[in-house]
Amino acid sequence: MTRSWTVPALIGLCGAVIATGLFLGRGPGAAAPVLVWFVLLAVVYSPVIFPRPVGAEEARRRGAVDGRPIVYWRPGCKYCLRLRIGLGRDADRLHWVDIWRDPAGAAEVRAVNGGDETVPTVVMAGRPYVNPDPAWLRGRLSPAVRGGGTAEDPEGRR
């Protein structure tokens with residue numbers, strides 16, 4: 001768990017040090033934008049913007065029931081971030097497994113990637129896809145999974 005927050009904490013700490021130097025040398029007008037930039041960068045690289053992760057076993061169980069893909073990821077990974085941002089609101093329609101929090105998830109990723117922990121690894125219908133394009137993945141989500149609808153109402157209107 002602490003490993004998930006190491007990179008964002010270091011980014012925040014660096015930003016605080018730089019902003020303090022600017023504050024002391026040039027005043028608050030120069031320090032504030034730098035501090036805001038570093039805080040935003042720390043948030044982007046933190047687990048905060050990702051949907052709440054579940055364990056690999058729970059993700060497999062849920063995926064078998066609802067047919068949603070499983071995304072194996074880790075905080076600080078720029079490719080995982082690209083996938084998350086590229087999916088937009090559809091990201092909530094997948095099961096996310098943080099491999100730094102779940103050793104079983106890390107083992108599954110290593111098993112399909114020749115021993116490497118290459119993320120994001122997406123498993124759809126039992127088949128792994130390494131670092132898929134977000135648009136490609138969005139196009140492969142079933143209408144019920146993508147829009148939250150049913151067979152009778154594929155748009156998900158209520």
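Note that these values count all heavy atoms, side chains included, but never hydrogens, waters or copies made by symmetry.
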Could you check Leu83 against Val122 for side chain to side chain contact (heavy atoms under 4.5 Å, CB included), going step by step and ending with a plain yes or no? CA-CA 10 Å; Leu83 180 66; Val122 178; 4.1 Å; yes
Between Leu87 and Arg93, is a side chain to side chain contact (heavy atoms under 4.5 Å, CB included) present by the stated rule, with each step listed? CA-CA 9 Å; Leu87 289 173; Arg93 306 290 182 207; over 6 Å; no
Would you check, one step at a time, whether the test salt bridge (Lys or Arg N to Asp or Glu O under 4.0 Å) holds for Arg82 with Asp133? CA-CA 9 Å; Arg82 178 182 74 100; Asp133 182 74; 3.7 Å; yes
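Considering every non-hydrogen atom in both Ile11 and Ala42, the closest pair reads CG2-N, 3.8 Å. The minimum heavy-atom distance between Glu117 and Arg74, with the atom names listed, is O-NH1, 3.0 Å. Across Ala106 and Ile99, no two heavy atoms sit closer than the pair CB-O, 3.7 Å. Contact detail for Ala31 and Ala19: the closest heavy-atom pair is CB-O, 3.2 Å. The two residues Cys80 and Val119 come nearest to each other via the heavy atoms SG-CG2, 3.6 Å. The nearest pair of heavy atoms linking Ala59 to Val97 is CB-CG2, 3.6 Å.
Under a 3.5 Å cut-off, the side chain of Arg84 and the backbone N or O of Gly88 do form a donor-acceptor pair. Between the side chain of Arg140 and the backbone N or O of Met124 there is no donor-acceptor pair closer than 3.5 Å. Put simply, the side chain of Trp96 gets close to the backbone of Ala91: a donor and an acceptor are under 3.5 Å apart.
Residues Leu81 and Leu41 fall within the same hydrophobic cluster, defined by Ile, Leu, Val, Met, Phe, Trp and Tyr side chains chained together at heavy-atom separations under 4.5 Å. If you chain together hydrophobic residues whose side chains sit under 4.5 Å apart, Leu141 and Val71 fall into the same group. No continuous path of hydrophobic side-chain contacts links Val17 to Phe38 [ILVMFWY only; heavy atoms under 4.5 Å]. Criterion: ILVMFWY side-chain heavy atoms under 4.5 Å apart, direct or through other members. Under it, Leu94 and Tyr129 are part of a common hydrophobic cluster. Linking ILVMFWY side-chain heavy atoms closer than 4.5 Å, directly or via other members, places Leu10 and Trp100 in two distinct hydrophobic clusters.
Crowding of Phe23 atom CZ: a count of heavy atoms from other residues, nucleotides or ligands under 6.0 Å not exceeding 12. Within 6.0 Å of the CH2 atom in Trp136, the count of heavy atoms belonging to other residues, nucleotides or ligands exceeds 12.
Side-chain contact between Asn131 and Thr118 is absent, with no heavy atoms from C-beta onward closer than 4.5 Å.
To the nearest 0.5 Å, atoms CD1 (Ile70) and CD (Glu58) are separated by 10.0 Å. Atom CD1 of residue Ile85 and atom NZ of residue Lys78 lie 13.5 Å apart, to the nearest 0.5 angstrom. For the atom pair OG1 (Thr20) and CG (Leu35), the distance works out to 8.0 Å, reported to the nearest 0.5 Å.
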